[in-house]
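To find a chain, count down the sequence lines: A is the first, B the second, and so on, and within it residues start at 1.
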2 protein chains.
Amino acid sequence: MGKPHKTKQLDPAAVCRSSDPMAVRELLTKIGDKWTIFIVLSLDILGGRARFSELERAVPGISQRMLSSTLRTLERDGMVIREVFPEVPPRVEYEMTPLGKGLLRPTQGLVDWAKENWEQVRKAQSQYDER
Amino acid sequence: MGKPHKTKQLDPAAVCRSSDPMAVRELLTKIGDKWTIFIVLSLDILGGRARFSELERAVPGISQRMLSSTLRTLERDGMVIREVFPEVPPRVEYEMTPLGKGLLRPTQGLVDWAKENWEQVRKAQSQYDER
DNA sequence: CCCATTACTTACCTCCACGTAAGTGACTAA
DNA sequence: TTAGTCACTTACGTGGAGGTAAGTAATGGG
């Protein structure tokens, strides 16, 4: 038999101690969706402010529907501010708020981790798959 | 009219420069699913090693099906190692790999951000909703 | 013989994230 | 009059994530 290791007596909701579990879940769900990080990172690269069509070009493959709805969510969450200019054709600019910019740091941490370690993940996957 | 800001001439795939965009997307999709972070954080709290039933208790609300499949994915990705002890009733222990532990740092960054800023996000949401 | 335990798997169903395609409004230029 | 631009919205359809419930294998204990 393998050595039985110390079984810490644990609260049925151990994780929930470290912080509001719903906050973490919701945050991860948000930035874990298909387009949010790309939009946020693109906005950053574009200097923290860009118009709809610029983002459309910056995020290859995104549809107008998804860009629009993701931006609305970001706006609702206080991550970006939407500014409409009464012109024709219309012009709308999106600007990252301090809150949104603050999220960029920890997000960048994940991006960096992926850059450094993803190859290893892929290797683990193919090893696992071939038996 | 609002001041027209400098429109940076940009590559159609600006974000894609910073790193492998698929790696980032896949990573975010993984840790953005419903249970992965909780399992990873629980495993960490439990000392980096725990058996199935311990995790089941540590992550309130998770079903056996989801715990099992999420752990399999984690194992496939090289984040945890699964060790089976030939006993009856069965005992299976899951241990975080160095790769999995490495992911904990940037993940914790997000958890901390959520802890500090989620209240503000909620406030932004209710402001947005009431008009 | 029956039950309990552990770590699962399988079947089934629901919901929603996301994709595609088309339409819209307001104005300008040809 | 028609076409073009921009920033959207609406309608519709599909796959897959995830929930619920039940089944299973192997063995010891009463």
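In this structure, A/E87 places its CD atom 12 Å from C1' of C/dC27, rounding to the nearest Å. Between the CG atom of A/L71 and the C1' atom of D/dA7 there is a distance of 11 Å, rounded to whole Å. Rounded to whole Å, atom C1' of D/dC6 lies 11 Å from atom CZ of A/R57. Regarding A/R51, its CZ atom lies at a distance of 7 Å from the C1' atom of D/dC6, rounded to whole Å. Atom CD in B/E54 sits about 9 Å away from atom P in C/dA7, given to the nearest Å.
Aromatic ring orientation, A/W113 versus A/W118: perpendicular (interplanar angle above 60°, classes split at 30° and 60°).
Heavy atoms of B/S53 sit under 4.0 angstrom from primed sugar atoms or phosphate atoms, though from no base atom.
Checked against C/dG19, C/dA7, D/dG19, the side chain of B/M66 finds its nearest nucleotide in D/dG19. When distances are taken from the side chain of B/K34 to each of D/dT9, D/dG19, D/dA7, the shortest belongs to D/dG19. Here the nucleotide nearest the side chain of A/R82, chosen from C/dC18, C/dT9, D/dA7, is D/dA7. Taking only side-chain atoms of B/P90, from C-beta outward, the nucleotide of D/dA7, C/dA7, C/dC18 with the closest atom is C/dA7.
With hydrogens and angles ignored, no donor-acceptor pair under 3.5 angstrom links the side chain of B/R65 to the base of C/dT10.
Put simply, B/S68 has no side-chain N or O that comes within less than 4.0 Å of OP1 or OP2 on C/dA7. The side chain of A/S69 contributes no N or O atom lying less than 4.0 Å from OP1 or OP2 of C/dC18.
Using a 4.5 Å cut-off on side-chain heavy atoms (C-beta onward), B/S126 and B/E130 make no contact.
Taking the nucleotide of DNA chain C with the nearest heavy atom to each of B/V92 and B/V88, the more 5' of the two is matched to B/V88.
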Output, in order, the C-alpha distance, side-chain angles, deciding distance and verdict of side-chain contact (heavy atoms from CB on, under 4.5 Å) for A/L41 and A/Q108.
-> CA-CA 9 Å; A/L41 292 177; A/Q108 194 61 49; 3.9 Å; yes
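Of all heavy-atom pairs between B/M96 and B/K101, the closest is CE-N, 3.6 Å.
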